Amino acid sequence: MADPTGFLKYTHRELPKRRPVELRVRDWNEVYEDFDERIVRRQATRCMDCGIPFCHNGCPLGNLIPEWNDLVRRGRWRDAIERLHATNNFPDFTGRLCPAPCEPACVLGINQDPVTIKQIELEIIDRAFEEGWVRPLPPDRLTGKTVAVVGSGPAGLPPLSNPCRSQRDRLRARRPHRRPAALRDSRIQDGKASPQPPAGTDATGGHRISHQRQRRVDIAADQLRAEFDAVVLAGGATAWRELPIPGRELDGIHQAMEYLPWANRVQEGDDVLGPDGQPPITAKGKRVVIIGGGDTGADCLGTVHRQGAISVHQFEIMPRPPDTRAESTRGQPIP
Ligand code: SF4
């Protein structure tokens, strides 16, 4: 059970500091500095283990948040990763990339800053990797069913990971500056390093799959349906929405998906050509305008800075969100 007075002792939310801008734009490493373990445990102590934990309601995965918060408070990190992995195959991804709807849902957020749930999640999984607690989990027995998983991104790996955490192509998360390559690939290495790889699991990359027979494809969708008991479609949304306005055809105007995946491969050290067979687009020495301020726009922003753009302007249709929770969404003070 949680410390019943933790949120009264530690009223302030603390997060790791960001590395200085002039340093972090020169590399693709984590934006944040390391976080002192004592502070993480202090922050976990703020969790009230609510009778009705609304953080559960906010989390699409149903993560057992108060349970692992309390385990972190007590320093029981190994137990914490067991509870975290019970509902979440890849906290190393969600701890960095999830928009954390659990935090606006946190009951403590009604009249204080919410618990730093996402940061605690990240600290648990990072420690688990450091300690060597993240291991392949081969199944006890096979069901005899065959499953094809199409896609090797964050949506494609979970269906694969329960029977086997292996994959031969590298995961291409689109946010290299938020996740070091070594950590990103470690999930893939899991399977390769397994002394006892699960039987019947095969993972290959670089295939084109389509239901349109006239297109040049490696595998027809019908073939997958005929050969497997189930097919999971977990491909990324690499098709973009066209912008049919005058000037769209001019040189130097690119869609994000013509740019980001190749930029990631280049920073991984791959020698690749872009989708048109030419060297990949780079922002080095360019004046850049980014239209769009969502996740994709943010990824472009981080990438063009790291590639050495001369200047960057970003335009977003929505008003700038407040830096802190809007007053209109706070609870009323208790008389
Ligand atoms: S809602 Fe907040 S305080 Fe309550 S259990 Fe969840 S994380 Fe802890």
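Every number for a ligand or one of its atoms is a count from 1 in the order of the listing. Keep in mind it's a predicted model, so treat the numbers as computed, not measured. Residue indices begin at 1 and follow the sequence shown.
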_Minimum side-chain heavy-atom gap Q307-Y259 below 4.5 Å_ = yes

*Which residue, R24, R18, R96, forms the salt bridge (charged side-chain N to carboxylate O under 4.0 Å, His left out) with E30?*
R96

*Summary of salt bridge (Lys or Arg N to Asp or Glu O under 4.0 Å) pairs that have at least one residue in residues 237-255, sequence neighbours excluded*: E242-R248

*Sequence neighbours left out, what pairs pass salt bridge (Lys or Arg N to Asp or Glu O under 4.0 Å) with at least one residue falling in residues 138-154?*
none

_Test of understanding: with side-chain contact (heavy atoms from CB on, under 4.5 Å), list the residues that count as partners of A100, not counting sequence neighbours._
C102, E103, K118

*asked:* Would you say that C59 contacts I65 through its side chain, given a criterion of any heavy-atom pair below 4.5 Å between the two side chains?
replied: yes

*Mind checking how many protein N/O/S atoms fall short of 2.8 Å from atom 4 (Fe) of ligand 1?*
1

*asked:* List ligand 1 atoms under 4.0 Å from I117, heavy atoms only on the residue side.
replied: 7 (S)

